[in-house]
Structure formats: C-alpha cells, structure tokens
Amino acid sequence: MEMWKLVFVLLSTCWPGWGIGQNTKAGVIRVEQNSVGLCSTFVQPYSSNYDCHEYSITTTDGFRLGVQRINTRSDLGQKGPVFFNHGVLSGGDTWVLNPPDQSDKSAAFILADAGYDVWIGNARTTRYSYGHENFTEQDAAYWDWSLDELAAIDLPEMLHMVNSITNKKIYYIGFSQGSQAALAALSEGNLGDVMEKLALLAPVAYVSHAYTPIGVAAVNLHLDQVFEALGLHSFTTKTETGQHYVDLICKAANLACYEDLASAFTGINCCINNSRIGFYDKYETQATSTKNLIHLAQLYRADKFQKYDYGLVENMKRYNFITPPVYELFKVPTQNMMLAYGAMDALANLLDVERLKVELNPGYKYLFKPLYAHLDFILAYNLKEEVYDHIIEFFQN
C-alpha cells in the first residue's frame with residue numbers, strides 16, 4: 001500500500017475527526033457534527049458504552065450520504081467492519097430503533113457488542129443523510145432516482161468509503177431494498193472486491209407475488225402512474241399530501257390502515273413489541289422518490305428484476321434497446337452469501353424468494369423463519385436468538 005494511504009487509514013481509524021474533506025476512491029469524505037443526527041438521537045444516550053461518529057460521503061452526482069460508525073468502548077470493532085443497508089421508506093435508524101439496554105436491542109448494537117466495527121448507511125434523501133450539493137427537496141432533480149442509482153452509485157460509494165477508512169473487506173447486512181441494491185450491484189460485477197460476506201434479510205429481487213394490502217391496492221389503482229402524471233416527485237406518509245393518498249388507497253381497498261400502518265405496508269408481523277409502535281411511528285416512514293416506487297410497481301407488473309423502464313424512446317437512448325436490461329442473478333457471487341426470509345412475509349413473498357434462490361448459483365446458505373414477516377427481521381423482540389446469532393456464526397465461519 002502507498003505510504004500516504006496507510007497514514008490516512010491509520011489516522012482516520014484511530015481519530016475519526018481526522019480526514020475531513022479527504023478525496024478517496026469513494027469521493028469526498030467528511031466528518032459531520034450533527035446535534036439531531038442518528039448518533040446524537042439514538043446512540044449518545046448510551047455513550048458510556050458506545051462511541052458513535054457521523055460521516056458523509058459525496059456521490060458522483062452530488063448527494064451527501066450519511067454514514068454512521070458505532071463501536072463499543074470496550075472493543076473497537078476488532079472483528080472487522082459490518083455495513084447495514086436499510087429498505088425503502090426508511091433510513092439508517094432502522095438498525096438502532098430499539099435501545100441497547102433492552103432485551104430486544106437493535107441489530108447495530110448486537111453486532112457492536114459481538115465485537116464488530118458497525119457502519120450504518122443512509123441512502124440519498126433519507127433523514128440522516130445530508131442533502132445535495134446543488135439541489136433541495138423542492139427540486140425535481142433531488143428526487144430523480146430509483147433502485148438503479150442506489151445500486152450503481154450510493155451503495156458502491158458508501159462501501160468504498162468504509163473500505164478506504166478501515167482497509168478491510170466488509171461484512172454486509174441488507175434488508176429489503178438494501179438486499180435488492182446489493183443483488184443488482186453484484187450482478188453487474190461490482191462490490192465483490194470489498195465484500196467479505198453478506199447476509200440479505202427479507203431479500204427482494206422479484207416482487208411479483210407481493211401481497212401487502214396497501215401495496216397491491218396502490219398498484220391496482222395505478223397510483224404510480226397518477227403520481228407521475230401529476231408531477232409528484234416524492235412520497236412520505238408524514239405530510240398532509242402523503243396521508244391523503246394513503247387514505248385514498250385504504251378507502252378504495254377497504255383497509256383500516258391507520259389502525260396498523262406497518263401491517264398495511266408489510267403484512268402482519270409476528271414478533272414486534274406493540275408498546276413501541278408509537279415510538280417507531282415517530283421516525284418511520286421516511287420520504288422516498290416516487291420514481292423509486294414507480295420502479296417497484298414496474299417490477300411487479302413486468303414480473304422481472306430489471307432496470308427502470310423509461311419507455312421505448314428513452315430506453316433506446318439510455319440502454320440502446322427498447323426494453324430495460326434485466327439484472328442477471330446468475331452473475332451474483334454466492335459462496336459467501338446468506339438469505340434470511342420468512343414464511344409470512346408479504347413483501348419478500350415466499351414464491352418470489354424461492355424464484356430468487358433458483359436463479360442464483362448454488363453455494364449460498366439460507367435461514368428460514370416460519371413465523372416471521374417483513375418487519376420482524378429488523379424489529380422483532382427475539383431478533384438476536386432467531387436471526388443474528390446465526391448471522392454472526394455465519395460471518396465467523
């Protein structure tokens with residue numbers, strides 16, 4: 001390794017505040033001071049046990065992605081870096097919503113306690129990222145992205161950042177669209193050089209058999225096409241407009257969504273502590289681009305795992321073909337992969353997961369949970385015993 005790079009790695013590992021503005025293969029890395037960031041909100045109250053530092057990485061198209069690093073004070077992550085990637089309509093706080101002093105502590109604390117150097121990714125436009133160099137939330141360009149950009153830009157930028165700072169290959173844990181982005185990137189020959197092993201929770205590639213009440217109703221109402229026609233660029237349930245469309249979907253489908261919004265989006269979960277639903281609702285859902293939701297609706301209708309469909313003319317310009325190219329799953333390396341999925345999952349439906357398993361090459365391991373639905377894989381009160389003890393064993397072996 002070149003001497004300057006070795007010095008950078010050593011300094012940035014030992015002193016996280018060092019290296020502000022450094023330009024690496026991953027882009028410009030900054031250490032952020034954020035009084036309302038993920039670290040200060042979810043980890044700082046337990047600062048006697050955990051260190052947490054806020055970083056940002058500027059992507060090639062100008063987004064400043066938030067990345068947080070968590071270690072226990074007694075063990076500075078000697079088992080290597082593990083990177084968490086969240087799903088759609090959520091952010092990196094997914095991995096820290098349950099505090100470490102409770103028996104149902106969240107995944108980031110479980111892995112930190114097990115001796116891993118924990119890194120949490122936040123996709124563009126999510127709450128714990130840092131906006132854009134040139135655009136604001138009021139600009140259409142701020143929301144002009146879908147799964148394709150998450151796979152081709154955000155995920156590689158964040159992982160190369162972690163790799164450049166730690167000089168180690170990364171254990172990866174992706175949930176829902178966080179698994180989808182990894183599969184898309186790996187199918188195109190990316191990221192294999194920086195990943196040690198990966199565990200994909202509630203893995204999504206195909207969504208043709210998804211049966212979430214609100215999702216199916218939205219697709220049947222062609223709400224994605226309505227959003228596009230009206231020029232609506234973002235969606236969140238936290239605004240009056242977003243609530244209006246949720247109400248519209250729920251009434252059309254005869255759903256009592258606000259009695260249990262999580263189940264309306266993901267299906268009925270078995271093992272979530274209902275007394276904490278109000279706390280979860282305070283932070284979730286988060287805004288995503290309507291283009292991202294339109295892409296998911298396209299995958300549902302096309303019964304394919306493919307790139308965004310811009311229509312015949314624009315597809316020819318972008319892809320040199322009238323239909324979008326598919327992500328070829330047989331190209332994904334599988335020897336160091338685990339899939340964890342549940343029989344009751346309405347988003348990562350069992351039929352779609354089985355299709356994914358068939359199209360992947362042999363070599364992966366899998367963990368099947370008969371009672372788990374979608375959100376159980378990030379919020380269940382028995383998550384450590386049912387899921388993460390198995391993932392840690394897989395990582396260590």
Side-chain angles (χ1 to χ4, degrees), residues 38 41-43 68 70 82-100 102-114 116 118-123 126-128 150 171-182 198-204 210 212 215 237 260-286 288 338-349 353 367-369 371-392 394-395:
L38 186 150
T41 303
F42 297 99
V43 185
Q68 293 80 30
I70 302 173
V82 59
F83 183 90
F84 287 95
N85 198 18
H86 61 81
V88 69
L89 289 169
S90 64
D93 53 326
T94 291
W95 308 105
V96 290
L97 284 172
N98 288 336
Q102 301 295 316
S103 59
D104 61 349
K105 69 178 70 174
S106 281
F109 300 118
I110 293 172
L111 270 292
D113 290 346
Y116 288 90
V118 170
W119 297 78
I120 297 175
N122 297 265
T126 53
R127 181 179 296 121
Y128 297 108
L150 301 182
Y171 297 98
Y172 180 87
I173 298 176
F175 167 71
S176 192
Q177 192 167 60
S179 66
Q180 194 177 38
L198 65 161
L200 304 182
L201 311 181
V204 173
T212 67
T237 62
D260 188 354
L261 189 58
S263 294
F265 273 104
T266 69
I268 298 174
N269 299 277
C270 75
C271 306
I272 294 177
N273 184 346
N274 289 329
S275 68
R276 292 189 58 79
I277 294 295
F279 179 80
Y280 302 149
D281 285 345
K282 180 179 177 181
Y283 296 98
E284 310 297 343
T285 63
Q286 295 183 31
T288 190
M338 171 186 278
L339 307 176
Y341 58 100
M344 308 307 294
D345 196 331
L347 268 177
N349 178 268
V353 175
L367 176 67
F368 175 61
K369 307 307 299 180
L371 299 180
Y372 267 30
H374 205 67
L375 294 181
D376 288 312
F377 283 97
I378 52 172
L379 295 175
Y381 51 75
N382 56 1
L383 200 57
K384 181 180 183 298
E385 297 78 13
E386 293 294 325
V387 177
Y388 280 97
D389 284 350
H390 298 280
I391 290 176
I392 290 170
F394 168 65
F395 284 171

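Please read all numbers here as calculations on a predicted model, not as lab measurements.
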* Could you check I272 against Y280 for side-chain contact (heavy atoms from CB on, under 4.5 Å), going step by step and ending with a plain yes or no? => CA-CA 11 Å; I272 294 177; Y280 302 149; 3.8 Å; yes
Rounding to 0.5 Å, atoms CG (L375) and SG (C270) come to a distance of 11.0 Å
Note: H86 and T94 closest approach over all heavy atoms is CB-OG1, 4.1 Å
For the residue pair Y372 and F368, is the inter-centroid distance of their aromatic rings smaller than 6.0 Å? no
Does the ring center of Y388 lie less than 6.0 Å from the ring center of F377? no
* Asked: For Y381 and D376, does a side-chain donor sit closer than 3.5 Å to a side-chain acceptor?
  -> no
Inset, instruction - Might you work through the side-chain contact (heavy atoms from CB on, under 4.5 Å) test for M338 and F395, ending with a clear yes or no? - result: CA-CA 10 Å; M338 171 186 278; F395 284 171; over 6 Å; no
Requested in this report: Check whether the ring centres of W95 and F84 lie less than 6.0 Å apart, and answer yes or no.
Outcome: yes
Q. Is the side chain of N269 donor-acceptor paired with the backbone N or O of C271 at a distance under 3.5 Å, no angle test?
A. no
Between the OH atom in Y171 and the CG atom in L198, the distance rounded to the nearest 0.5 Å is 12.0 Å
Kindly indicate, with the supporting measurements, whether the criterion side-chain contact (heavy atoms from CB on, under 4.5 Å) is fulfilled by D104 and R276. CA-CA 11 Å; D104 61 349; R276 292 189 58 79; 4.1 Å; yes
Flag the pair V43 / Q68 as yes when at least one side-chain heavy-atom distance between them is below 4.5 Å, and no otherwise. no
Between the main-chain N or O of V88 and the side-chain N or O of T288, is there a donor-acceptor pair closer than 3.5 Å? no
#### Entry: Donor on one side chain, acceptor on other, D93 and Q286, under 3.5 Å
yes
When rounded to the nearest 0.5 Å, the distance separating NZ of K384 from CZ of F109 is 15.0 Å
Distance col, row L201:CG vs S176:OG, nearest 0.5 angstrom, shows 10.0 Å
Problem - Mutual orientation of the aromatic rings belonging to F42 and F279 [parallel < 30°, tilted 30-60°, perpendicular > 60°] - result: perpendicular
Query - R127 (side chain) donor-acceptor with Y283 (main chain) under 3.5 angstrom - result: yes
Check for a donor-acceptor pair, side chain of S106 on one end and backbone N or O of L97 on the other, with a separation under 3.5 Å.
yes
Item checked: Carboxylate-amine/guanidinium proximity below 4.0 Å for K369 and D345 -> no
One should read off an interatomic distance between D389 CG and F394 CZ, to the nearest 0.5 angstrom, of 15.0 Å
In short, A340 meets P203 closest at the heavy-atom pair O-CD, 3.3 Å
Between I70 and A108, the two heavy atoms sitting closest are CD1-CB, 4.3 Å
For N349 and Y341, test the side chains for any donor-to-acceptor distance below 3.5 angstrom and give the result as yes or no. no
Value for CD1 (I378) from CD1 (I173), rounded to nearest 0.5 Å, stands at 12.5 Å
Do Q177 and N85 pair up side chain to side chain, a donor and an acceptor below 3.5 Å, judged on atom types alone? no
Heavy-atom nearest pair, L379 first then N98, reads O-ND2, 3.7 Å
Note: T126 and S90 closest approach over all heavy atoms is CG2-O, 3.5 Å
Exercise for the section: Could you give me the CA-CA distance, side-chain angles and deciding distance for N273 and Q102, then say whether side chain to side chain donor-acceptor pair (under 3.5 Å) is met? Expected result: CA-CA 12 Å; N273 184 346; Q102 301 295 316; over 6 Å; no
Minimal heavy-atom distance between L367 and E386, with the atoms involved, is CD2-O, 3.7 Å
